[in-house]
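These notes concern the structure reproduced below.
It should be emphasised that the depicted structure is a prediction, and the values quoted were computed from it without experimental measurement.
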Amino acid sequence: MTRKLNRRTFGKALGTAAAGLAVPAALSGSASAFSDGERVEATTNLNTREQPGTESPVVATVSPGEVGEIMNGPTTEDGYTWWGVHWLDRNVWGWSVERYLASTGSAETDIVWPMNGYITSPYGPRGSGYHYGVDIGHNGEIGTPIYAARAGTAYTAYDSGGYGNYVYIVHENGYETEYGHVNSFAVSDGQSVSRGQHIAGMGDSGNSTGPHLHFGIEQNNDPKPIPGSDGQTVSAGGAIQRDYSGL
């Protein structure tokens, strides 16, 4: 599957050119034709542009039937309603006119958030190093339930210098999800678990600055980005707005 972004992360360099894409404010007060993550297809030969507006440079011209995912919008410019779309087959991001888009339904969710809470440290640079996961807190409440982010086979482990008590779940195509610093286990080694199944309780074990969950995603030991911003509220079972190739 190809990459899916949410509104906050759409303003990235396009797949072909044009870094620094501005993200206009979404409209309010009226019903929207589409929603974030919804699949759409072009109904005609359709220009997708760097920015909303008929004078903005064309990034690509997509053909009838090509499928993309809604990333941002709507916004109006030059008398048209525009949506930010990631065109999947050609891996191009741009803005397209609503009247030439038709819904094909929502994309499948690959991985979901494993806990109710808020992000205390997002994925990415941190201090002098790099944080290869997302930390999620819940008011310091030891034992807050942690759930499987995807179906797979669960294992428990202990890492004295890092994660402390942790669970990792093996998924298909080399993927693992990791749940660090837990206080208690609700699964045993080799147990098959379903998405949303209770697997552990939030804790403060290992090298931890306070009670939280360190949540990571890897494929063949290669960390995979997890979208989310500092302070963002997340809900157990809520879709992580990214498609992970191979799931």
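Y100 is connected to W95 through a chain of hydrophobic side-chain contacts under 4.5 Å among Ile, Leu, Val, Met, Phe, Trp and Tyr, so both are in one cluster. Connection of Y147 to Y244 is not established within any shared hydrophobic cluster, with ILVMFWY side chains joined at heavy-atom distances below 4.5 Å, either directly or through further cluster members. Residues I199 and V112 are members of separate hydrophobic clusters, defined by side-chain heavy-atom contacts under 4.5 angstrom among Ile, Leu, Val, Met, Phe, Trp and Tyr. Residue Y168 is not grouped with residue F185 when hydrophobic side chains (ILVMFWY) are merged at heavy-atom distances under 4.5 angstrom, including chains of intermediate members.
Paired with E98 under the rule side chain to side chain donor-acceptor pair (under 3.5 Å), one option of W82, W83, Y80 passes, and it is W83.
Considering every non-hydrogen atom in both S103 and F34, the closest pair reads N-CE2, 3.9 Å. Minimum heavy-atom separation, S96 to T48: OG-OG1, 3.3 Å. Counting all heavy atoms, side chain and backbone alike, P64 lies closest to N45 at CD-OD1, 3.1 Å. Minimum heavy-atom separation, A154 to V193: CB-CG1, 4.0 Å. Closest approach of T61 and N47 over heavy atoms only: OG1-OD1, 2.6 Å. Between V92 and A60, the shortest heavy-atom distance links the atoms CG1-CB, 4.2 Å.
Between Q51 and E77 there is no side-chain heavy-atom pair separated by less than 4.5 Å. Contact check for W87 versus V59: no side-chain heavy atoms found under the 4.5 Å cut-off. I240 is not listed as a side-chain neighbour of D110, based on a closest heavy-atom distance of 4.5 Å or more. Contact check for I136 versus P114: side-chain heavy atoms found under the 4.5 Å cut-off. Contact annotation: the side chain of L101 approaches that of L46 to within less than 4.5 Å [non-hydrogen atoms, C-beta and beyond]. Inter-residue side-chain proximity for H86 and N91 is flagged as met; some heavy-atom pair is nearer than 4.5 Å. No side-chain heavy atom of S229 sits less than 4.5 Å from a side-chain heavy atom of I119.
Distance check, rounded to the nearest 0.5 Å: OG1 of T144 to CE of M202 gives 4.0 Å. Remark: T209 OG1 to D204 CG distance equals 7.5 Å, nearest 0.5 Å. Here the CD1-OG1 distance, from I169 to T153, works out to 9.0 Å after rounding to the nearest 0.5 Å. Interatomic distance, Q219 CD to L247 CG, rounded to the nearest 0.5 Å: 7.0 Å. For the atom pair CD1 (I111) and CZ (R195), the distance works out to 8.0 Å, reported to the nearest 0.5 Å. Taking CG of N183 as the start and CG of L213 as the end, the distance is 12.5 Å to the nearest 0.5 Å.
Ring planes of Y179 and F215: tilted class, angle from 30 to 60°. Taking the six-membered ring where tryptophan is involved, the planes of H212 and H181 are tilted, since the angle between them lies from 30° to 60°. The aromatic rings of H214 and Y163 sit tilted relative to each other, their planes meeting at an angle between 30° and 60°.
Counting non-hydrogen atoms of other residues, nucleotides and ligands closer than 6.0 Å to CG of N139 gives a total above 12. Around OH of Y118, the count of heavy atoms belonging to other residues, nucleotides or ligands within 6.0 Å exceeds 12.
Applying the salt bridge (charged side-chain N to carboxylate O under 4.0 Å, His left out) test to residues at least two apart or on different chains, the pairs with a partner in residues 152-174 are R150-E172.
Y166 has its ring centre no less than 6.0 Å from the ring centre of Y158.
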May I have the step-by-step check of side chain to side chain contact (heavy atoms under 4.5 Å, CB included) for L88 and E69, ending in yes or no?
CA-CA 7 Å; L88 299 174; E69 289 176 345; 3.9 Å; yes
Going through the checks in order, is the side chain to side chain contact (heavy atoms under 4.5 Å, CB included) test met by N165 and T156?
CA-CA 8 Å; N165 296 314; T156 64; over 6 Å; no
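Side chain of R49 to main chain of E55: no donor-acceptor pair is present (N/O by atom type, distance under 3.5 Å, no hydrogens or angles). Remark: the backbone N or O of G140 is not paired with any side-chain donor or acceptor of H138 at under 3.5 angstrom.
Ion pairing of D135 with R126 is present here, as a side-chain N (NZ or NE/NH1/NH2) and a carboxylate O approach within less than 4.0 Å.
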